[in-house]
Amino acid sequence: MNFDFSKLRQRDIALIVLVLVVIAAAVWYFYMYRPTLDRVSLLENDVMRLQLEVTRGEAAERNLPTLREEVEMLEQERLEFLSELPLESDVAGLLEQVRVSAEAAGLVLNQMSQGSITESIADLRPVAFDFVTSGNYIQTMEFLRALEDLQRYAKIRQVGLSAGSAPGVEDPVLDSNFALTFYVYTGADPGGVAQ
């Protein structure tokens, strides 16, 4: 088939050119203009997100000196706290302190045994002990107050009281069980602050 453009009328040529222009416009719209609009929209979203991050970063940069001071202050407080804790080698002294407190309260310390605990804290070792005592109510409460004064490095896990069964006694002997956890420092020197 031989096609001759010279035989086409002007109207046919105009229609062919119009169809080609429409096809070219559609190709341009779907393959160039739309993707460019989508890309511009994505870039505008990225710009807004980056501007938000820059604003946050500038705010953080302004707060950085304050945060550094707070971190330094908290680190100093941590070191001071750790320096107040007994060392791992001081457990015998802690037990002696409990024994002396029981004696000062007038309690009889019947039994002292090591308990078990599964707590895990960095640079600290929890050491659990159970104490069985006997004495009257006032003596028991005085001993409990002495244990509560160890609050920086000791935690009372449990207190159990049982009264003797002697009828007619106004101040019966209380058998008491105290479960204590001592927290001893196991890390390196906490900054040279005196113990």
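Heavy-atom basis, side chains included; hydrogens, waters and symmetry copies ignored. Sequence positions, counted from 1, serve as the residue numbers for this chain.
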Group every Ile, Leu, Val, Met, Phe, Trp and Tyr by side-chain heavy-atom contacts under 4.5 Å, then state whether [X] and [Y] land in the same group.
X     : Y     : value
Leu15 : Ile13 : no
Leu43 : Leu52 : no
Leu20 : Leu18 : no
Ile23 : Ile16 : no
Val17 : Val19 : no

If you round to the nearest 0.5 Å, how far is [atom2] of [Y] from [atom1] of [X]?
X      : Y      : atom1 : atom2 : value
Leu50  : Thr55  : CG    : OG1   : 10.5 Å
Thr133 : Asn177 : OG1   : CG    : 7.5 Å
Lys155 : Leu180 : NZ    : CG    : 10.5 Å
Glu58  : Glu53  : CD    : CD    : 12.0 Å

Subject >> Test: Asp46 and Arg39 ion pair at under 4.0 Å >> reply: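 The answer is no: the pair does not qualify as a salt bridge.
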Original post:
Is the shortest distance from a Lys or Arg side-chain nitrogen in Arg145 or Glu142 to a carboxylate oxygen in the other one below 4.0 Å?
Top reply: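 No salt bridge links Arg145 with Glu142.
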Does [atom1] belonging to [X] count more than 12 external heavy atoms closer than 6.0 Å?
X     : atom1 : answer
Glu72 : CD    : no
Arg11 : CZ    : no
Met32 : CE    : no
Glu77 : CD    : yes

Give me the atom names and distance for the closest heavy-atom approach of [X] to [Y].
X      : Y      : answer
Ala128 : Gln114 : O-CG, 3.2 Å
Thr186 : Leu124 : OG1-N, 3.7 Å
Leu161 : Met141 : CD1-CE, 4.2 Å
Thr140 : Gly135 : OG1-O, 3.7 Å

Subject >> Qualifying residues under ring pair (Phe, Tyr, Trp, His ring centres under 6.0 Å), relative to Tyr33, sequence neighbours excluded >> reply: Trp28, Tyr29
Original post:
Mind checking whether Phe143 and Phe178 have ring centres under 6.0 Å apart?
Top reply: yes
Show me the donor-acceptor pairs within less than 3.5 Å that the side chains of residues 93-113 make with the rest of the protein, sequence neighbours left out.
unit_1	atom_1	unit_2	atom_2	d
Glu96	OE1	Arg99	NE	3.1
Glu96	OE2	Arg99	NE	3.4
Glu96	OE2	Arg99	NH2	2.5
Gln97	OE1	Tyr153	OH	3.1
Arg99	NH1	Glu103	OE1	3.0
Ser101	OG	Gln97	O	2.9
Asn110	ND2	Ser134	OG	3.3

Original post:
Are the side chains of Val91 and Val184 in touch, meaning some heavy atoms are under 4.5 Å apart?
Top reply: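 Yes. Closest side-chain heavy atoms under 4.5 Å.
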